[in-house]
Amino acid sequence: MSSSGFDCDALIIGGGLVGSVLATAFSRAKLRTVLIEARDPKELGQASFDDRSVALANGSQRILDGLGLWEALVSDAEPIRSIHISERGRFGVSRILATEEGVPALGYTLENRVLTNAIWTDLSGEKYFTCIAPAQLKKITWNADAVKANVSLADGNQTITGRLLVAADGARSSVRKALSIDMMEEKYSQNAVVLNIKTEVHHNGRAFERFATDGPLALLPLSRSRTAVVWTRPEEELGRLMSLDEIAFRDELQDAFGHRLGKLTRIGARSSYPLARVRSKQRVGDRAVLVGNAAVSLHPVAGQAFNVALRDVAVLTEIINEERASQGLQADIGGSELLARYDELRRNDQRRVAAFTHALIRLFSYRGSPVAITRALGLMAFDLMPGAKAQLARHTMGLAGRLPRLARGLRLA
Ligand SMILES: Cc1cc2nc3c(=O)[nH]c(=O)nc-3n(C[C@H](O)[C@H](O)[C@H](O)COP(=O)(O)OP(=O)(O)OC[C@H]3O[C@@H](n4cnc5c(N)ncnc54)[C@H](O)[C@@H]3O)c2cc1C
């Protein structure tokens, strides 16, 4: 333990995408950070055609750039130049174009592995950062001005003391449980079938969101002329779909998507994820903040969960930075006032995105014809109303509302 009586300023539990990027942001802000992760972060495995990817909003790109990570990512990031929204079997189509929004790209598609690799390579040279992994969280205890985490490693137990605890340990967060914070879970009875494909016609930066009553189908432009597919299917159909041979699966996917990219010429390996909306009842607890899937886990239809989490990371780091600028290094970064401020700043964005994503799923899953006609008309009207479309585009790009410094393209002060 250091002379300050703390092993670190911030203690992050969970080193997935969100915990690790938060560790980068904290390290940039010169916060002594300890991250505890159950897996060995070095075990990334080999890159492959089939790697899963994430759609990063324009605002997220700025955050990663502000953290100094974008340079390592840019050559693998595929720009999304347009989003084409339609509904299967109905008239009405809408397009959001980067050129109309005055941005070079609406967002970028990037493989999770590339992002993870860049973050961990960067963290390995950070003097404010320590990783304890593979390790399991055993117990958390509190006193007036500190939080203590007891963890078990291959060679015994260790206790780490910090001022702020961050739960970045995923949707089934054990930190959330230890904080006695309840969660709400709505299962969608759907699974996301995820794979990468190649097509006869190059995507040219086009993303497609195709709604159908039994689940949306999203195609995202990916590097090396690939297209990433996230196909939402009803639970009862999953077994059959996953066991189809490649040709039968390709024919079904082709039928569901149509021929906007010509024939599907290569079909990658499929993986599947059960879908649910999980929301923590509180964003903050005793000396603690919940981020990423531990705070809110969403249906991937709108590709928003990680983007929201990046804004959480940017806001939390910014207000801690401000606190230290005014109070000095002894500032209590886990104090209740600071946490209440974070809670207030993040409430609206998190709620709005969670509600929007949920509404999309519900709206497009009704089979009744009046609703279907309204939906189709809505899509057409939406295309003719530049104001409404521009607003949605700004939300989708992560550029709406009060933005933290990093999302405005500024470095941390
Ligand atoms: C199919 C699919 C497509 C998606 N597409 C998009 C998209 O396009 N855009 C977007 O913004 N989002 C997308 N998302 C969401 C995005 O993947 C998640 O928001 C993000 O991965 C959440 O990361 P996390 O770090 O919060 O959680 P996790 O990835 O669950 O990481 C939690 C980490 O905590 C560790 N851990 C857990 N318990 C402990 C413990 N007790 N001790 C130590 N360590 C522990 C785990 O090992 C893990 O590494 C998608 C999700 C899915 C399923």
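In what follows, residues are counted from 1 in the order of the sequence shown. First listed ligand is number 1; within each ligand, the first listed atom is number 1.
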For R172, is the nearest heavy atom under 4.0 Å from an atom of ligand 1?
no

* Between the side chains of R226 and S223, is a donor N or O closer than 3.5 angstrom to an acceptor N or O? -> yes

To the nearest 0.5 Å, atom CD of Q282 lies from atom OG of S180 at 9.5 Å

Ligand 1 to N307, heavy atom cutoff 4.0 Å, flagged ligand atoms 9 (N), 10 (C), 11 (O)

Numbered in order shown, the ligand 1 atoms found under 4.0 Å of a heavy atom of S174 are 41 (N)

**Request:** For residues Q190 and Y273, determine if any side-chain heavy atom of one lies less than 4.5 Å from a side-chain heavy atom of the other.
**Result:** no

With a 4.5 Å cut-off on side-chain heavy atoms, are Y108 and L64 touching? no

- Query: Would you say the side chains of S86 and R210 form a donor-acceptor pair under 3.5 Å?
  - Reply: yes

Review point. Among side-chain atoms of T159 and N150, is any donor-acceptor pair under 3.5 angstrom?
Key: yes

Counting only nitrogen or oxygen atoms and a 3.5 angstrom limit, does A38 reach ligand 1? yes

So the atoms of ligand 1 within less than 4.0 Å of a heavy atom of P300 turn out to be 2 (C), 3 (C), 4 (C)

Short version for A135: what comes under 4.0 Å of ligand 1, heavy atoms counted, is backbone

Distance-only donor-acceptor hits, side chain of residues 129-139, under 3.5 Å, sequence neighbours excluded:
none

Inset, instruction - May I ask you to say whether R279 pairs ionically with E185, meaning some side-chain N is under 4.0 Å from a carboxylate O? - result: no

Salt-bridge test for R62 and D65: reply yes if a basic N is under 4.0 Å from a carboxylate O, no otherwise. no

Nearest non-hydrogen protein atom to atom 8 (O) of ligand 1, with distance, is A55 N, 2.8 Å

Test of proximity, R39 against ligand 1: N or O pairs below 3.5 Å: yes

Ligand 1 to L17, heavy atom cutoff 4.0 Å, flagged ligand atoms 25 (O)

Numbered in order shown, the ligand 1 atoms found under 4.0 Å of a heavy atom of I36 are 43 (C), 44 (N)

Closest to atom 11 (O) of ligand 1 among protein heavy atoms sits F306 N, 2.8 Å

Interatomic distance, CD@Q254 vs CD1@I197, rounded to 0.5 Å, equals 8.5 Å

Taking the six-membered ring of F249, is the NZ or CZ of R270 close enough (under 6.0 Å from the centre) and on axis enough (within 45°)? yes

Margin query: Polar contacts were defined as any N/O atom of the residue lying under 3.5 Å from an N/O atom of the ligand; does this apply to G170 and ligand 1?
Written below: no

For N293, the atoms of ligand 1 under 4.0 Å from one of its heavy atoms are 18 (C), 19 (O), 22 (C), 26 (O), 27 (O)

Restricting to heavy atoms, the pick from A295, A168, S271 nearest atom 32 (C) of ligand 1 would be A168

Notebook entry, point to check: Does an N or O from V194, backbone or side chain, lie closer than 3.5 Å to an N or O of ligand 1?
Noted result: no

Strictly by modelled atom types, are D169 and S173 linked by a side-chain donor-acceptor pair under 3.5 Å?
-> yes

Here the atoms of ligand 1 under 4.0 Å from any heavy atom belonging to A305 are 10 (C), 11 (O), 12 (N), 15 (C), 19 (O)

### Message
Can you tell whether the side chains of R233 and E252 come within less than 4.0 Å, N to carboxylate O?
### Response
no

Should A309 be listed as contacting ligand 1, given a heavy-atom distance under 4.0 Å as the test? no

*Between H84 and F208, how do the two ring planes meet: parallel, tilted or perpendicular, split at 30° and 60°?*
tilted

| Can you check whether G292 has an N/O within less than 3.5 Å of an N/O in ligand 1? | no

Q) Given the rule in the salt bridge (Lys or Arg N to Asp or Glu O under 4.0 Å) test, do R28 and E126 qualify, once you have shown the distances and angles that lead to the verdict? A) CA-CA 8 Å; R28 297 288 191 268; E126 263 297 347; 2.8 Å; yes

To atom 17 (O) of ligand 1, the nearest of R52, E37, K138 on a heavy-atom basis is R52

Checking heavy-atom distances from atom 38 (N) of ligand 1 to each of D169, L35, V18, the winner is D169

heavy-atom search around atom 40 (C) of ligand 1 in the protein gives Q136 OE1, 3.8 Å

re atom 29 (O) of ligand 1, the protein heavy-atom contact at minimum distance is G16 CA, 4.4 Å

| query | With a 4.0 Å cut-off on heavy atoms, is S173 touching ligand 1? | reply | no

Ranked by distance from atom 42 (N) of ligand 1, the top protein heavy atom is L137 N, 3.6 Å

In this structure, atom 13 (C) of ligand 1 is nearest to the protein heavy atom V54 CG2, 4.0 Å

